[in-house]
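Here is how names work: the chains are called A, B, and so on, in the same order as the sequence lines, proteins then strands, and each is numbered from 1.
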2 protein chains.
Amino acid sequence: MSTQSVVTAIRVIEAVSEDQPVGLSEVARELGGSKATVLRALTTLEELRWVEQDDSSKLWSLTAHAYAVAVRSGAMSTLRDIAIAPMNALQLATTETVHLAIPDGDILILAERLDTPHVLRAFLPLGSKIPLHASATGLAYLAASEETYVERYCESSLDSVTERTLTDRGMLLEEIRDVRARGYSINEEGLSTGITSLGAAILGPGGDPLGSVSVSGPSSRIVPERYAEYGHAVREAARAIGRAAARVGH
Amino acid sequence: MSTQSVVTAIRVIEAVSEDQPVGLSEVARELGGSKATVLRALTTLEELRWVEQDDSSKLWSLTAHAYAVAVRSGAMSTLRDIAIAPMNALQLATTETVHLAIPDGDILILAERLDTPHVLRAFLPLGSKIPLHASATGLAYLAASEETYVERYCESSLDSVTERTLTDRGMLLEEIRDVRARGYSINEEGLSTGITSLGAAILGPGGDPLGSVSVSGPSSRIVPERYAEYGHAVREAARAIGRAAARVGH
DNA sequence: AACCAGTGGTTTATTAGATGAACCGGAGTG
DNA sequence: CACTCCGGTTCATCTAATAAACCACTGGTT
């Protein structure tokens with residue numbers, strides 16, 4: 001691979017990001033590189049204000065500057081800006097937490113969230129990594145994906161997040177069929193215990209999924225009797241976002 | 001400076017981030033480097049899934065992966081998670097948009113936002129760069145900063161964002177004195193025309209500002225008669241966040 | 001049609017800079 | 001006091017980053 005120093009620098013950023021305040025040796029150990037190389041990358045990144053070091057503990061962290069640069073990722077910012085209005089309408093219609101997730105490899109990233117005034121509520125921090133098979137957004141995304149992609153994903157190890165996560169290959173495929181027939185996905189406590197979510201994929205002009213929206217709340221409020229109503233609302237929101245995205249930029 | 005290739009790679013990331021879908025030549029022109037060097041960085045970053053290229057237009061963009069990595073910056077994620085609850089309470093109390101901003105050099109970065117159900121509302125995308133002298137969050141941050149920092153900042157060029165932005169050095173210093181006496185900051189249409197905001201700084205254990213919270217809404221709703229009430233609420237929210245941060249471990 | 005200025009991308013010799021092993025001093029621990 | 005971890009440094013080796021010149025292509029102008 002080319003430009004090794006850049007590769008190590010980026011891997012350093014990713015390692016620091018995962019273990020937040022982290023020491024030099026641990027980063028070097030994780031990357032398999034020498035301490036000198038890692039320190040070199042860290043000091044360079046420090047000059048660029050991407051990482052900073054706590055004076056007393058000597059531990060390294062990512063700076064707000066790194067965040068400020070990366071929030072403007074292409075898919076992210078455009079889709080998020082488009083989605084805000086329909087998400088707001090969905091939030092008003094359901095009075096529950098609304099999520100927008102966009103794909104990054106074989107997971108989804110939580111890109112935006114509108115909270116509810118309820119005391120009891122779903123909560124996921126922005127930027128959370130969401131497994132496809134363990135979330136309403138993910139199931140909706142899978143159901144809208146090409147068959148070859150779904151099959152390939154099902155071959156991967158379906159790790160369980162809670163006791164109720166779908167980890168069986170056959171059941172997952174069956175669930176995806178159900179989502180396609182129903183038009184929205186249902187995830188009962190598969191990502192967070194006590195939280196039920198309904199999701200729908202946002203489709204691009206070619207029918208390819210750009211991301212997903214979902215409504216999440218405590219299972220005591222998101223009860224089966226409401227699935228049809230809320231599911232319909234989620235689907236309509238996803239469609240509205242898709243239409244708006246098509247209008248704005250291919 | 002050391003590790004030039006890393007420096008160019010990071011500068012490429014920042015350049016791409018600013019101009020979103022951008023071509024090779026333009027990036028090379030901005031950085032003053034050769035196209036070969038920039039392309040080298042871009043292809044390496046593509047392998048690392050930090051940038052991606054549109055097949056037809058050949059333009060480059062940042063990926064969601066970059067966002068996913070950088071969203072977990074140290075100060076960001078911890079302070080944001082802590083702040084969510086008090087921000088929610090503030091949002092309920094005022095029914096207006098609530099912002100959380102954290103410092104990055106001499107500006108603030110919008111780290112979190114809680115929207116309102118109002119049709120007419122303040123809107124800033126997450127990650128927005130907020131000038132200190134042109135925002136309620138910034139004025140509150142300045143008022144809580146050390147005198148030497150304030151003086152140094154006042155020496156910089158105070159660019160105007162709207163017609164009502166504070167650009168005069170003397171008036172800014174006077175405003176900061178007022179903020180200190182009052183306990184919260186007021187910004188009337190200095191950042192967005194038609195939007196008035198009230199802000200307060202979040203203080204760390206040593207009295208140093210970690211960031212700011214604010215309440216923003218159309219000037220028709222955020223009227224002077226409400227300043228005292230909303231200002232008090234903002235101040236209390238900032239204090240609650242500061243206390244919670246101290247409890248967790250700065 | 002011929003031209004031109006722009007694009008994205010490739011090749012090249014040169015040399016700058018990235019590398020890891022061995023090392024140092026300090027902090028904590030048995 | 002010995003042992004082991006830590007963050008950080010040094011240095012000889014040689015990989016890999018660099019910029020200029022180049023190519024092929026596209027779209028607009030004359």
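A/L45 places its CG atom 12 Å from the P atom of C/dA18, with the value rounded to the nearest Å. For the pair A/L59 CG and C/dA27 P, the interatomic distance rounds to 16 Å; values are reported in whole Å. The interatomic distance linking B/L39 (CG) with D/dA24 (C1') rounds to 15 Å, in whole Å. For the pair B/K35 NZ and C/dT10 P, the computed distance is 11 Å after rounding to whole Å. Between the P atom of C/dG28 and the NZ atom of A/K58 lies a distance of 13 Å, rounded to the nearest Å. What separates CD of B/E46 from P of C/dG9 is a distance of 9 Å, to the nearest Å. The nearest whole Å value for the distance from the CG atom in B/L24 to the P atom in C/dT10 is 10 Å. Look at CG on A/D54: it is 12 Å from P on D/dG8, rounded to the nearest Å.
Here A/R29 does not reach the OP1 or OP2 of D/dC5: none of its side-chain N or O atoms lies under 4.0 Å away. Phosphate contact (OP1/OP2 of D/dA19, side-chain N/O of B/T37, threshold under 4.0 Å): present. When the side-chain nitrogen and oxygen atoms of B/S25 are compared with OP1 and OP2 of C/dG8, one or more of them lie within a distance under 4.0 Å. Applying the 4.0 Å criterion to OP1 and OP2 of C/dG20, one finds that A/Q4 has every side-chain N and O outside that range.
For B/Q53 (side chain) and B/K58 (main-chain N/O), a donor-acceptor pair under 3.5 Å exists by modelled atom type.
Between B/R239 and B/E236 a salt bridge is recorded (basic side-chain N to carboxylate O distance below 4.0 Å).
For B/E46, the CD atom counts as densely surrounded, since its 6.0 Å shell holds more than 12 non-hydrogen atoms of other residues, nucleotides or ligands.
Nucleic acid contact for A/G33: none, since no nucleic acid atom lies under 4.0 Å from a heavy atom of the residue. Nucleic acid contact for B/E26: none, since no nucleic acid atom lies under 4.0 Å from a heavy atom of the residue.
Legend: side chain to side chain donor-acceptor pair (under 3.5 Å) pairs involving residues 59-68 of chain A, not counting sequence neighbours, sorted by first then second residue: A/H65-B/E14, A/H65-B/D104.
A donor-acceptor contact closer than 3.5 angstrom links the side chains of B/T44 and A/T3.
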